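Atoms within each ligand, like the ligands themselves, are counted from 1 in listed order. Computed from a predicted model, the values in this text were never measured in an experiment.
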Amino acid sequence: MRNAKILVTGANGQIGTVLTRTLKERFGDSHVIASDIRPALHGDWETTILDVTDRAALDAIVRTHRIGYIFHLAALLSATAEQNPQKGWQINMDGWTNVLEVARKAGVQRVFFPSSIAVFGLHTDRKLAPQFGPLTPTTMYGVTKVSGELLGQYYWNKYGLDVRSVRYPGIIGYQSPPGGGTTDYAVDIFHKAVLGRPYTCFLGPDTRLPMMYMDDAIRATIELMMAPPEQVKVRIGYNIAAMSFTPAELADAIRKHFPDFEVQYAPDFRQQIAASWPERVDDRHARSDWGWQHRFDLEAMTADMIAHLQSDAVAL
Ligand code: SER
């Protein structure tokens with residue numbers, strides 16, 4: 001990624017904020033173009049304002065900067081898309097279609113698509129979702145992620161566009177707030193805990209979901225994008241796993257640091273979304289193809305989150 005500039009869409013979102021900072025540190029500030037529909041809240045860069053559904057605007061940025069690599073993170077998350085499904089389809093699919101078409105025509109070298117555990121549905125083995133198996137999501141977000149994966153694979157097969165993708169689990173980080181996801185509770189809960197306040201969880205206590213610490217998610221993203229093409233044998237989204245826990249287990253892990261921490265449960269519409277997703281995913285293809293390895297488990301993640309939220313005084 002040193003030989004051509006990098007474009008990040010959704011650079012000011014939950015993952016985009018940390019990915020952009022990491023890419024800028026690694027490859028140089030001016031080498032990475034941070035684009036988003038809104039200016040940065042937590043990033044310290046100048047944002048190129050871009051609505052990814054505007055193909056002409058995207059094309060102009062890619063050609064002006066001679067972009068070689070695109071990390072396309074602009075999207076609506078599951079809960080937001082479920083409340084406005086037509087908008088979810090429009091932003092997630094029109095945006096991705098535009099990225100693929102612009103990338104193909106402008107000769108972009110590699111493109112990253114963020115897929116999700118939301119590709120799975122009620123026909124998947126919830127105990128361990130396989131890499132290759134039925135993808136029958138019931139949410140609009142999941143529909144756009146399955147469609148997006150298949151479209152990316154199509155561009156690889158048909159045009160040789162080097163599209164790569166992972167299926168992110170719920171992502172937990174101290175650096176940026178999540179927005180509109182079903183797994184957001186696992187970030188929100190830490191902010192309440194360090195303030196010494198109780199937390200009311202919008203998922204039930206026993207809702208087990210796959211999760212990953214932000215540092216691992218960013219490393220997975222960059223490692224996949226830097227892997228030699230022959231190692232990338234799967235051109236739909238790779239399953240990647242790190243840990244899997246319930247809200248009650250996370251609360252217990254936090255109580256090792258704050259013994260008086262109180263959690264109440266008031267499940268809302270997001271419970272149904274979570275119930276359609278698997279508890280764990282089988283990521284052996286990512287591990288054997290390009291060497292994926294997670295570093296943070298529940299205890300290590302909990303300790304690191306709390307240490308950062310206390311010392312960085314991040315007010316999200
Ligand atoms: N974290 C995402 C969400 O909850 C899942 O991809 O929407």
Side-chain angles (χ1 to χ4, degrees), residues 10 13-19 71-85 87-89 91-93 95-96 112-121 124 126 129 135-149 152 165-190 201-204 207-218 220-221 224 236-247 250 267-281 283 286 294 296 301 305 316:
Q14 185 199 9
I15 297 175
T17 297
V18 191
L19 180 68
F71 292 82
H72 175 55
L73 296 182
L76 291 194
L77 282 181
S78 58
T80 313
E82 214 44 44
Q83 288 178 315
N84 193 341
K87 193 172 173 200
W89 174 267
I91 291 177
N92 292 8
M93 290 313 297
W96 180 224
F112 176 78
F113 178 71
S115 191
S116 162
I117 54 166
V119 293
F120 299 109
T124 297
R126 293 200 65 238
L135 301 178
T136 55
T138 46
T139 62
M140 177 51 84
Y141 179 69
V143 169
T144 67
K145 291 301 180 187
V146 174
S147 308
E149 282 192 15
S165 176
V166 296
R167 293 171 179 157
Y168 289 123
I171 305 297
I172 301 153
Y174 57 88
Q175 304 94 328
S176 51
T182 300
T183 56
D184 294 9
Y185 88 85
V187 179
D188 301 341
I189 194 171
F190 280 100
C201 185
F202 57 74
L203 297 183
T207 313
R208 185 176 300 286
L209 288 171
M211 298 278 183
M212 183 176 288
Y213 199 37
M214 181 68 84
D215 300 42
D216 277 340
I218 298 300
T221 307
L224 174 61
I236 52 173
Y238 270 101
N239 284 359
I240 52 169
M243 59 187 118
S244 174
F245 56 75
T246 66
L250 178 56
D268 66 13
F269 74 100
R270 288 168 280 194
Q271 183 66 43
Q272 201 184 343
I273 299 177
S276 74
W277 293 351
E279 296 184 350
R280 287 192 173 78
V281 301
D283 66 349
H294 71 282
F296 285 86
M301 182 268 292
M305 273 298 278
L316 298 179

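Between the side chains of Thr139 and Ser78, not a single donor N or O lies within less than 3.5 Å of an accepting N or O.
With sequence neighbours left out, the salt bridge (Lys or Arg N to Asp or Glu O under 4.0 Å) criterion links Asp268 to Arg270. Residues that satisfy the side-chain hydrogen bond (donor to acceptor under 3.5 Å, both in side chains) test with Thr207, not counting sequence neighbours, are Gln271. Contacts of Arg208 classified as salt bridge (Lys or Arg N to Asp or Glu O under 4.0 Å), with partners at least two apart in sequence or in another chain: Glu249.
Atom CD of Gln83 sits in a crowded spot, with more than 12 heavy atoms from other residues, nucleotides or ligands closer than 6.0 Å.
Contact record, Met243 with Tyr213: CE-N, 3.8 Å, taken as the closest heavy-atom pair.
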Contact table, ligand 1 N/O with protein N/O, distance under 3.5 Å:
unit_1	atom_1	unit_2	atom_2	d
ligand 1	1 (N)	Thr183	OG1	2.8
ligand 1	4 (O)	Ser78	OG	3.4
ligand 1	4 (O)	Thr182	N	2.6
ligand 1	4 (O)	Thr183	N	3.1
ligand 1	4 (O)	Thr183	OG1	3.4
ligand 1	6 (O)	Ser116	OG	2.6
ligand 1	6 (O)	Tyr141	OH	3.0
ligand 1	7 (O)	Ser78	N	3.1
ligand 1	7 (O)	Ser78	OG	2.6

